[in-house]
Amino acid sequence: MKKLFDRIKNKSRFNYKQYFKTNILFFTFVISSVINATMLRYLTVRNYFDFRPIIADLAIVLLIGAFGYFFKPKHQFKYFFSISILFTAVCVINSMYYTNYLSYASVSLLATSMQIVDVGDAIVENVMELKDFSYIWQIFVMYFVHVTLKSKSYYVEVTKTENGKKNFKGTILSGLIFALVFIVTLTATDIGRLGKQWNREYIVMRYGIYVYQINDIIGNLSPTINSMFGYDRNAKIFREYYEENPLEVTNNQYTDIFKGKNVIAIHAESIQQFTLGLSFNDKELTPTLNKLASEGIYFSNFYAQESVGTSSDSEFIFNTGLMPASSGTVAINYFDREYITIQKLLKNQGYYTFSMHGNNGTFWNRNLLHESFGYDNFYYHTKDYVIDETIGLGLSDKSFFLQSIPKIKTISESNKNFYGTLIMLTNHTPFSYIEPYSDYSVDLEIETVNPKTGKKKVEIKPYLEGTVLGNYLKSVHYADEAIGELIEGLDEEGILDNTVIIIYGDHDAKIKPSEYEYFYNYNPETGEMLDKNDPNYHEVDAYEYELNRKVPFIIWAKDQEFSTEVTEVMGMYDVLPTLGNMMGFHSEYSLGHDIFSVEENLVVFPEGNWLTNKMYYNSQRQEGLLLDLDIPVSVDYIEKNCEIAEEYISVSNAIITYDLIRKTKESSHLLKTYK
Ligand code: GP9
Ligand code: MN
């Protein structure tokens, strides 16, 4: 008996020193992978530290690392090194992605990434940051440790005592124990969010980047593998939502005011609302937009709600009143679904519908997407335009508009009514191409008087020239001039007499907060920057940055003076119902509201954040900002809006992924109405 005890005792006495000494490469791999994953969270969502995701990272790294023990020690390096490269790539890609989109990457975006190839310069100039590459150290450390170990005959020594099977089992067991400890800390909300996937920042912060990426891959495969199950659940979400929220049409002072009018919608690339009203050296930055805004109906609190599909998402939301897809983009992955669109609804009223764009037709898959929206014709690139002046991504806006006017004239002559979208291009990041085409100065001209001679002279004080924000503003000025020339040209052709002009900024310009801080805190007269500790220092925090992403939305008609500013918060998904009320069309599937009939509007963002006139709420971090300190909000108010936000995202995803409008139409009489 004593013998048996001794044997058990000896067996259980684990020699840790020996274990570490013979598994140096494995530990380098584990520690470096966990450090990188932690660094990613810290460098993206700044100053954020939580111990729980580290346990999840450790569990995943151990479980994956365990398989390295299937190899003989001298071959283990190849395994651990390959996985290190993969993990480093995951961190670099997600870091870059976060810098650009304030969210994390998804495999479903691989198809979309082809669009990024075309805007390559923009990525290099504005998007990449050195910190995005700071994860590469792992690869060097792994290699360095390997070379050192090799030179010390480590692998030869380890082979003598190696016990791969035992190490594999032990590592898997440790991985499972860490996984269990982590799972115990999860709440029902945490589990729900992992399944739904759209609150990406929350998932990465709670589960770590490795779990996030694995979950993302499984999530993207599962609808294909298990579509029947997904279909039933999503069809239920869809059915229940529209049963509880059927289309309600309320008449108001704007009902039918534009019935029978033509429409030209201008998709104004990257124009943000704050640019309206800016002036440099007593020259308005956007005189055309200012004029249209002051004469027409100006929605000054309007948000684009786009996701990673940027321009194409805006087009989709504008035309359908739905939210963008949570994984992938409608333009690339779900363009062939059936949607109820402004184009189709106006075609029911006999309108001819068209779109025009200077870039090539395959960008954002527009040649197929626009057909799916129901445009009768898409005029684009060399098919319909002479590329006689190129700025940045392609045909300059001024040339594009100039060439579009005669086409619109022809359309107006051969159709009773038309609805057309003109997609602008020049004001696209990185904005630096505008320099030779702009005489608008964003430096300051300061007049000084010589006290002795009394002579006046104008001194130019450096300010925004040469900065990204400065180039952007110059580029916006160019876009504004181009819109002015278009309107003049349309007027000369008599097209404005029965035509409503709509202008919407398609999304923000993705300019970094530091650029705005320079703009606010640099004094060109003294040449000094305010100190960060100065009470007057204007810091652009995450809330201000988010809220400043709003874009202008203007409805203007030549002979109708509205001079109305709408300050209620409004989303791109409210356009279809609002314009529909003015023109006599309605979609029972739009999630937005007619802004003139809604009591308190709610703008939902693709990541689940939301905005009302009272509050901006960040669902990722579960914290909000009161917009009027005199109007407090209750917990109920916040919970209710979070619920609605989640509902809008789920319903949109159900429609987009499972083609539910087509399926509903196929089983109802509506088929006849819309086809
Ligand atoms: C190009 C354009 C740009 O055709 O619409 O797309 P974006 O990069 O803004 O999504
Ligand atoms: Mn765009």
Side-chain angles (χ1 to χ4, degrees), residues 96-97 99-103 109 111-128 265-273 275 302-319 324-325 328-333 335 355-370 373 375 378-385 387 390-397 399-401 404 421-434 468 472 475-476 478-479 482-483 503-511 549-553 572 606:
M96 268 165 55
Y97 197 80
T99 308
N100 194 14
Y101 293 110
L102 295 179
S103 184
L109 294 167
T112 305
S113 64
M114 286 318 291
Q115 308 307 315
I116 290 174
V117 175
D118 282 25
V119 290
D121 284 0
I123 304 281
V124 179
E125 275 197 40
N126 285 346
V127 174
M128 282 188 185
I266 302 173
H267 174 113
E269 177 62 46
S270 301
I271 295 199
Q272 275 175 246
Q273 187 266 355
T275 61
F302 182 83
Y303 287 83
Q305 300 174 290
E306 89 291 352
S307 180
V308 296
T310 43
S311 283
S312 67
D313 276 351
S314 289
E315 286 187 55
F316 173 72
I317 308 164
F318 187 99
N319 290 318
T329 60
V330 169
I332 307 288
N333 311 90
F335 67 89
S355 55
M356 295 176 167
H357 186 37
N359 203 358
N360 64 58
T362 53
F363 203 97
W364 281 126
N365 212 15
R366 280 191 177 103
N367 40 11
L368 298 176
L369 181 70
H370 283 197
F373 284 160
Y375 283 116
F378 175 27
Y379 300 80
Y380 63 86
H381 208 233
T382 44
K383 175 169 87 68
D384 302 286
Y385 292 87
I387 312 298
T390 299
I391 307 179
L393 279 191
L395 181 62
S396 74
D397 283 344
S399 172
F400 165 64
F401 282 151
S404 298
T421 307
L422 271 59
I423 301 170
M424 297 176 74
L425 187 60
T426 303
N427 185 42
H428 191 282
T429 179
F431 313 115
S432 47
Y433 299 105
I434 205 65
V468 176
Y472 170 61
S475 170
V476 168
Y478 170 92
I483 295 172
I503 300 174
Y504 65 94
D506 68 339
H507 48 74
D508 69 315
K510 297 194 181 81
I511 288 170
R549 292 178 63 212
K550 63 184 163 190
V551 295
F553 178 47
M572 194 75 92

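Start at 1 and go down the list; that is how both ligands and their atoms are numbered.
Between T426 and E269, the side chains place no donor N or O within less than 3.5 Å of an acceptor N or O (distance only, hydrogens not considered). A donor atom on one side chain and an acceptor atom on the other are not found under 3.5 Å apart for S270 and N427.
Applying the 4.0 Å criterion to heavy atoms of S311 picks out, from ligand 1, the atoms 2 (C), 3 (C), 5 (O), 6 (O), 7 (P), 9 (O), 10 (O). Shown in contact with H357 at under 4.0 Å from a heavy atom are these atoms of ligand 1, numbered in order with element: 1 (C), 4 (O).
Angle OG(S311) to the Mn ion (ligand 2) to NE2(H507), rounded to 10°: 120°.
Note on H428: not counted as a metal contact of the Mn ion (ligand 2), no N/O/S atom lying under 2.8 Å. Residue contact annotation: T310 places no N/O/S atom under 2.8 Å from the Mn ion (ligand 2).
Nearest N/O/S atom of D506 with respect to the Mn ion (ligand 2) is recorded as OD2.
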Please evaluate residues H370 and H357 with respect to the criterion side chain to side chain contact (heavy atoms under 4.5 Å, CB included), reporting the C-alpha separation (whole Å), side-chain torsions for both, the decisive distance (0.1 Å), and the verdict. CA-CA 11 Å; H370 283 197; H357 186 37; 6.0 Å; no
Using the rule given for side-chain hydrogen bond (donor to acceptor under 3.5 Å, both in side chains), can you reason through Y380 versus S355, listing the C-alpha separation, both sets of side-chain angles and the distance that settles it, and then say yes or no? CA-CA 8 Å; Y380 63 86; S355 55; over 6 Å; no
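Side-chain contact between F316 and F373 is present, with heavy atoms from C-beta onward closer than 4.5 Å. Considering only heavy atoms from C-beta on, H381 comes within 4.5 Å of I387 through its side chain.
Of all the listed residues (V308, D313, N359), N359 holds the heavy atom that lies closest to atom 1 (C) of ligand 1.
Taking 4.0 Å as the cut-off, H507 counts as a neighbour of ligand 1 on heavy-atom distance.
Checking only distances, R366 does come within under 3.5 Å of ligand 1, N or O to N or O.
Applying the ring pair (Phe, Tyr, Trp, His ring centres under 6.0 Å) test between Y504 and each of F553, F318, F302 identifies F318 as the sole match.
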